[in-house]
Number of protein chains: 2
Amino acid sequence: MEDAAAPVSAQEQVASPRRAPSQQRSRERVERMLAAASALIAEQGSDAMRMGEVAERAGVSIGSLYQFFPDKRAIIWALAERYTAESQACISAALAGVSDAEGLGLAFSELVDIYYGLFLAEPVIRDIWSGTQADKALRQLELADSRANAEFLTAVLKRLRPDADPAALDATAFLVWQMGEAAMRLAISVERQEGDRLVAAYKRMALRELLAE
Amino acid sequence: MEDAAAPVSAQEQVASPRRAPSQQRSRERVERMLAAASALIAEQGSDAMRMGEVAERAGVSIGSLYQFFPDKRAIIWALAERYTAESQACISAALAGVSDAEGLGLAFSELVDIYYGLFLAEPVIRDIWSGTQADKALRQLELADSRANAEFLTAVLKRLRPDADPAALDATAFLVWQMGEAAMRLAISVERQEGDRLVAAYKRMALRELLAE
DNA sequence: AAAAAATATGAGTAATACTCACATTTGCAA
DNA sequence: TTGCAAATGTGAGTATTACTCATATTTTTT
């Protein structure tokens, strides 16, 4: 009997459940809480984000915050889920129509650029995904997300190389994708120029692998 | 006037300095603290490691712990530094004599296997390097370490391809190395069989890049 | 209008990293 | 040996912060 699309859905996988907002008023307040958290993360990073500060900036009491988010991770998680959904749509669109090697090369190359741009531009993404490793549960979300994204790649590969071992194609796509995320994280934590070079090197490497054989 | 080789050297880069142990007695106690921390991390992970528990298990007071380690990160850091030094020696030895493409292929392949084995076997390494991202300062140490390791690769590449652009070779080596670490982290957080496949895929991908052209 | 459900509140609790004033031990020169 | 300074050891106490809960208010339902 629970609304699966509620903004708290992700939390239920980990922490004790909280009521999903059902009234207009509370839905708006939850939005304010997320906006406040997002701003604070952008300013100081998720580690330094204080729950009391989130509540204050959202103009709600600390109790209200915990009414909808069972713990601190849940807020970060909820934000992560939004970006996740967004980027997944983008990937799906970019790779859907690919039917030959040349098309894959173009689409993949463009996809990397878009992703890199996202990483560079959005401080919240940077912070969340670079702090991810510390939080086992969030890491699982990231892995699941990465797997889902990689599947778009796998689908293309299977179309291009129908005779190859499917498990090997899975591994290749998953690895290429994960290494892409690793490369981005690396790139944004060094000087811009070096970062660009690293992303370019990754792109070359990944394409060589994807288009091989 | 300070002993640079003291086990607290790493801390000085970040937190307020602490006295380095100069007497036999305190050196032994510091060892016990590190051993206790290592055991606790192996058992529960560094996040769940409590400073009070470290002190208790080492048989010292909480005050003594803080006499030599300015904060919790410093203990983890000190442990990380040890493994870092160890693995660096191993890499240097493996790559030092390489002078042709075939030799690079063999040495690199073996190196990956050794590293993967280390990751699999040593819970403290797993925990520290997978939690790394959360701690900005530790991440810097990891990057510096990675750069140093990559330089052994760069040296080999420059020998093999003297006419290539040095900056590009740097980027390639750095990226290949970082992606290797990312691949290992990924591999140990999934089922063993899939992990093995991922490492194999990485090896193939990296070798193709290293031996290209 | 009354009852029930949802939402709002913030003082209070609990957990834990870290401090500090003081006690003890060690190294060393007189 | 003795005296003294530096190094080391101690643990009760402080500070911070995530999180709870009894209670009050608002909205929805009957």
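Heavy-atom basis, side chains included; hydrogens, waters and symmetry copies ignored. Each chain gets a letter, A, B and so on, in the order its sequence line appears, and its residues count up from 1.
Distance CD1 (B:I76) to P (C:dA17): 10 Å, rounded to an integer number of Å. Between B:Q24 atom CD and C:dT26 atom P the separation is 12 Å, expressed in whole Å. Remark: P of C:dA15 and CG of B:D47 are 17 Å apart, rounded to the nearest angstrom. The interatomic distance linking A:F69 (CZ) with D:dT20 (C1') rounds to 18 Å, in whole Å. Between the P atom of D:dG9 and the CZ atom of B:R27 lies a distance of 12 Å, rounded to the nearest Å. Atom-to-atom, CD1 of A:I75 to C1' of D:dC19 comes out at 12 Å; the value is rounded to the nearest Å. Here D:dT8 presents its C1' atom at 14 Å from CG of B:L65, a figure rounded to the nearest Å. The distance from atom CD1 of A:I62 to atom P of D:dC21 is 15 Å, rounded to the nearest whole Å.
Pairs of Watson-Crick or G-U wobble type, with distances under 3.5 Å, assemble into runs of 3 or more in DNA chain D at these ranges: C:1-30 with D:1-30.
Remark: B:E56 CD is loosely packed, at most 12 non-hydrogen atoms of other residues, nucleotides or ligands lying under 6.0 Å away. Atom CD of B:Q88 has more than 12 heavy atoms from other residues, nucleotides or ligands within 6.0 Å.
Residues from residues 48-58 of chain A that place a heavy atom under 4.0 Å from any atom of DNA chain D, listed by number: A:M49, A:R50, A:M51.
The side-chain heavy atoms of B:L153 and B:T172, taken from C-beta on, include no pair separated by under 4.5 Å. B:D47 has its side chain out of reach of B:D127: every pair of non-hydrogen atoms, C-beta onward, lies at least 4.5 Å apart. Counting heavy atoms from C-beta on, the side chains of B:F119 and B:V199 never come closer than 4.5 Å.
Look at A:Y66 and you'll find a side-chain N or O under 4.0 angstrom from OP1 or OP2 of D:dC19.
Between B:Y202 and B:F108, the angle of the ring planes lies from 30° to 60°, which puts this pair in the tilted group.
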Using a cut-off of under 3.5 Å, enumerate the N/O to N/O pairs linking the protein to nucleotides 6-8 of chain C.
unit_1	atom_1	unit_2	atom_2	d
C:dA6	OP2	A:R19	NH1	3.2
C:dA6	O3'	A:S22	OG	3.3
C:dT7	OP1	A:S22	N	2.7
C:dT7	OP1	A:S22	OG	3.2
C:dT7	OP1	A:Q23	N	3.2
C:dT7	OP1	A:S26	OG	3.0
C:dA8	OP1	A:R29	NE	2.5
C:dA8	OP2	A:R29	NE	3.4
C:dA8	N7	A:Q67	OE1	3.1

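Between A:G63 and B:G63, it is B:G63 whose nearest contact on DNA chain D lies nearer the 5' terminus.
Among pairs with a residue in residues 186-197 of chain A, those fulfilling salt bridge (charged side-chain N to carboxylate O under 4.0 Å, His left out) read A:R192-A:D196, A:E194-B:R147, at least two apart in sequence or across chains.
Nearest approach of A:A173 to A:T154, heavy atoms of both residues: CB-OG1, 3.3 Å.
For the residue pair A:E181/A:W177, the side-chain donor-acceptor check at 3.5 Å is satisfied.
Listed by chain and residue number, A:R204, B:L175 satisfy the side chain to side chain contact (heavy atoms under 4.5 Å, CB included) test with A:A201 (two or more places apart in sequence, or in another chain). Partners of A:R50 under the side chain to side chain donor-acceptor pair (under 3.5 Å) rule, at least two apart in sequence or in another chain, do not exist in this structure.
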